Amino acid sequence: MSGDHSHNEDQIDCGSRVNDSHKHKDKYKEKEHKHKDHKKDKEREKTRHGNSDYKDFSDKKHRDKEKEKMKHKDGSTDKYKDKHKEKRKDQKMKSLDGKVKKEKENGFASPQHLKSEPEDDFYHSPKHDKSLKRERDDDNDSEFKPKKIKTENDKKVKKRKQEDENMKSKKTKKQKGEVTDGKKKAKKEPEEKWKWWEEERYTDGVKWKFLEHKGPVFAPPYEPLPSHVKFYYDGKQMKLSPEAEEVATFFAKMLDHEYTTKDIFRKNFFKDWRKEMTGEEKAIITDLKKCNFVEMSDYFKAQSEARKAMTKEEKLKIKEENERVLQEYGFCIMDNHKERIANFRIEPPGLFRGRGDHPKMGMLKRRIRPQDIIINCSKDSKHPEPPPGTKWKEVRHDNKVTWLVSWTENIQGSIKYIMLNPSSRIKGEKDWQKYETARRLKKCVDNIRNQYREDWKSKEMRIRQRAVALYFIDKLALRAGNEKEEGETADTVGCCSLRVEHIKLHPESDGQEYVVEFDFLGKDSIRYYNKVPVEKRVFKNLQLFMENKEPDDDLFDRLNTSILNKHLQELMDGLTAKVFRTYNASITLQQQLKQLTNSEENIPAKILSYNRANRAVAILCNHQRAPPKTFEKSMQNLQTKIDAKRDQLSDAKRELKSAKADAKVRKDEKSKKAVETKKKAVQRIEEQLMKLEVQATDREENKQIALGTSKLNYLDPRISVAWCKKWGIPVEKIYNKTQREKFAWAIDMADEDFEF
DNA sequence: CGGACGACTTAGCAGAAAAAAA
DNA sequence: TTTTTTTCTGCTAAGTCGTCCG
């Protein structure tokens, strides 16, 4: 239990988060651009959180101003990080200390590395692989190791045994093994749920030995519009070339979306659209405002109506076709097991929609063709054939990576991949591993915390910055905050990239001392707003970091994620900034469950407690969502139900009363019985009422909170499984089907006394 | 040795599907 | 049934982090 110390408590209450944007309007309004050298000053409006009043930080603008050097009392050299900002300004001070830690190679962030040797033959015979199979994370998990048979009913035990047996034989022959061993091939059923978690893992960076798949499913080709659907330019009908028409339809489909009204979106779209036009078209179409896409738009709306109105036979047919495609392309064979592929369909062309104020919104995301595609599979598999008359860009055989297909996307120039489903071995192992790393952090987090507190006093500025940043990451679960290239993406930040303008210091606020007010846009342009009291030393340090800086200067000018992670790596093997999020999320869930679950309560009430614990985590991690469009209405409906139930309750009470009176007079068995019945009715209704009220509360509290992200990515599923087992709650109440597939390993291995 | 790049995880949302209500 | 509401799934953008390379 080294992990749960008071500090955790803080996680739950780590500041007063206010989601409501209004409170904050005007905030940045005033700043004016002293240097308006910035190209992007234009309208960047709000994100949904702030709506237009959240006048954004647009002006980070001139981060180009040359920053003068501020001197820091500790005399260390100058800033370390102006870098990317002004396009690599020039100064590159290097930090004088070079702690370079050797890095670990294999993908498993755990100790014990075995050097990966060059290895020229990927497909060496199954026979001699192995030997070192490393068990999941060294320490402590012996408890979850393959099977110790817990007392279960015979049937189960038997089955287990048999499985063990299988396993054994499999192990010896490993890969080769069951291809032959069973006619299972015949039947669809993948040999009844493969328990990969009971097998050994690769240790040397090899991700698989055999991989075969059918390649991607391409987006359907463009179907030209019927001739009665016209496009008008400047009032005059105009027939577009197929290429130009296709791009026009992308715009037409988004016509009622608000971003077709945004300047950047329109400008980017128009520019890319023109590239698709023929010479004549280009000559004529020079102003987007004169384009009339209404008929096209109406046509698509009609189409979608028609689709909805299809008969069920037609719908069924489509469904069957989809199923067929899924069966054919949705699976691959990896090391003798059939595994589900996550995204086997290539992204269709369209207009790029970034999140937040994205400088590239509206650009044309081009169609991906076979010649853009790289196929990855094993040499000894039959690789997928490109569609007739086309070629793949490349077919490679790299078993050090997990992807099956990749291509380069044209908006940011990044690579996209087709990979396996979360239920696959390859994803599951990694996920499991992630939680094991977080559990290792639990063991040393106290030391780490003591150390960073010490570091607040360091005389080296870089150390202090690092220590304060780490404190934020730990206490507030902030993301690391890599630097981003300006102008390529929306302006968002994480811990290391916070700027002075993102925090405000209040020596005293609402009766608390040393309060820091955070307000910035994080991943996906989700606003993070929080007011949190910090320790005095932290506060003083922040004042120091902010001295002589402009609002758009980096708060931690001598820190970046790579420095921070290098440091963390020294504190614990495999430790990086994001491990803190995982750790704090999971430990918070565990502790909240402990605290909130009331053994007396019934299942729905316990589930409510679970949701509350989950919610505490979501709040910690700032997982927000847009309130559902129908939220108000659905709240109202619920309220109506509650009112109705209330009336029903008072009626029932009235009846009970009269029954009592009646019984008093009559004193016969029958009337007594009637009283009992009424009493029961009242009770039942009270219970129902309570349930509704609880539901209303739950829903209201959840208005802007998204529970899914934490459940899927941050909470060790074994905590939830153990909780379910402990209280006799069916896991289906907590995890739906896909989630159960993803967490099959946890459901299988955790028992009720699992401790994170 | 820092920055670009590659691989992989994490994220919210829109639309489909399922469930509940009418 | 059909319609409405809720839940789930697919999609793909946007992060993190390690490594490769000039």
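Bear in mind the structure is a predicted one, so any value in this text is a computation, not a measurement.
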Is there a donor-acceptor contact under 3.5 Å linking the side chains of A:Tyr714 and A:Arg581? yes

Whole Å only: how far is the [atom1] atom of [X] from the [atom2] atom of [N]?
X	N	atom1	atom2	result
A:Lys315	B:dG15	NZ	P	16 Å
A:Glu314	B:dA16	CD	P	16 Å
A:Arg353	B:dA11	CZ	C1'	16 Å
A:Asn421	B:dT9	CG	P	12 Å
A:Asn611	C:dT7	CG	C1'	13 Å
A:Lys253	B:dG15	NZ	P	12 Å
A:Leu712	C:dC11	CG	C1'	14 Å
A:Lys416	C:dG10	NZ	P	17 Å

With a non-hydrogen cut-off below 4.0 angstrom, is [X] in contact with a base, only sugar-phosphate, or nothing?
X	answer
A:Phe352	sugar-phosphate
A:Gly413	nothing
A:Pro422	nothing
A:Ala342	nothing
A:Gly481	sugar-phosphate
A:Arg699	sugar-phosphate
A:Thr492	sugar-phosphate

Selected nucleotide, minimal atom distance to [X] side chain, candidates [options]:
X	options	answer
A:Asn565	C:dG18, C:dT5, B:dA11	C:dG18
A:Asn736	C:dT9, C:dG10, B:dT9	C:dT9
A:Lys578	B:dT10, B:dA7, C:dA14	B:dT10
A:Gln412	B:dA18, B:dA11, C:dA14	C:dA14
A:Asp524	B:dA18, C:dC17, B:dA11	B:dA11
A:Ile526	B:dG12, B:dT10, C:dA13	B:dG12
A:His623	B:dT9, B:dA11, B:dC13	B:dA11
A:Lys365	C:dC17, C:dT12, B:dA11	C:dT12
A:Lys641	B:dA7, C:dA14, B:dA21	B:dA21

Hey, is NZ on A:Lys691 packed in by over 12 heavy atoms from elsewhere, all under 6.0 Å? no

[X]/[Y] ion pair, N-O < 4.0 Å:
X	Y	result
A:Arg499	A:Asp491	yes
A:Lys365	A:Glu409	no
A:Arg425	A:Asp335	yes

Using side-chain contact (heavy atoms from CB on, under 4.5 Å), reason through A:Thr437 and A:Thr576 one step at a time and then give a plain yes or no. CA-CA 10 Å; A:Thr437 304; A:Thr576 62; over 6 Å; no

If you take all heavy atoms of A:Ser525 and A:Thr492, which pair is closest and at what distance? OG-CG2, 3.6 Å

Taking for A:Thr738 and for A:Val493 the nucleotide of DNA chain C with the nearest heavy atom, the one nearer the 5' end belongs to A:Thr738

For DNA chain C, whose closest nucleotide is more 5', that of A:Lys633 or that of A:Arg479? A:Lys633

So, OP1 or OP2 of [N]: does either fall under 4.0 Å of a side-chain N or O from [X]?
X	N	answer
A:Lys434	B:dT9	no
A:Lys207	B:dC8	yes
A:Ser634	C:dT6	yes
A:Asn343	C:dT12	no
A:His358	C:dA13	no
A:Arg581	C:dT16	no
A:Lys308	B:dG15	no
A:Tyr714	B:dA11	yes
A:Thr630	C:dT5	no
A:Thr709	B:dG12	yes

With DNA chain B as reference, determine whether A:Arg307 or A:Lys742 sits nearer its 5' end, using the nearest nucleotide of each. A:Lys742

The residue, A:Arg355 or A:Thr402, whose nearest nucleotide of DNA chain B is more 5′ is A:Thr402

Start with the C-alpha distance between A:Cys332 and A:Leu420, add both sets of side-chain angles, then the distance that settles side-chain contact (heavy atoms from CB on, under 4.5 Å), and finish with yes or no. CA-CA 9 Å; A:Cys332 71; A:Leu420 298 192; 3.5 Å; yes

Polar pair under 3.5 Å, donor/acceptor by atom type, side chain A:Lys523, base B:dT10: yes

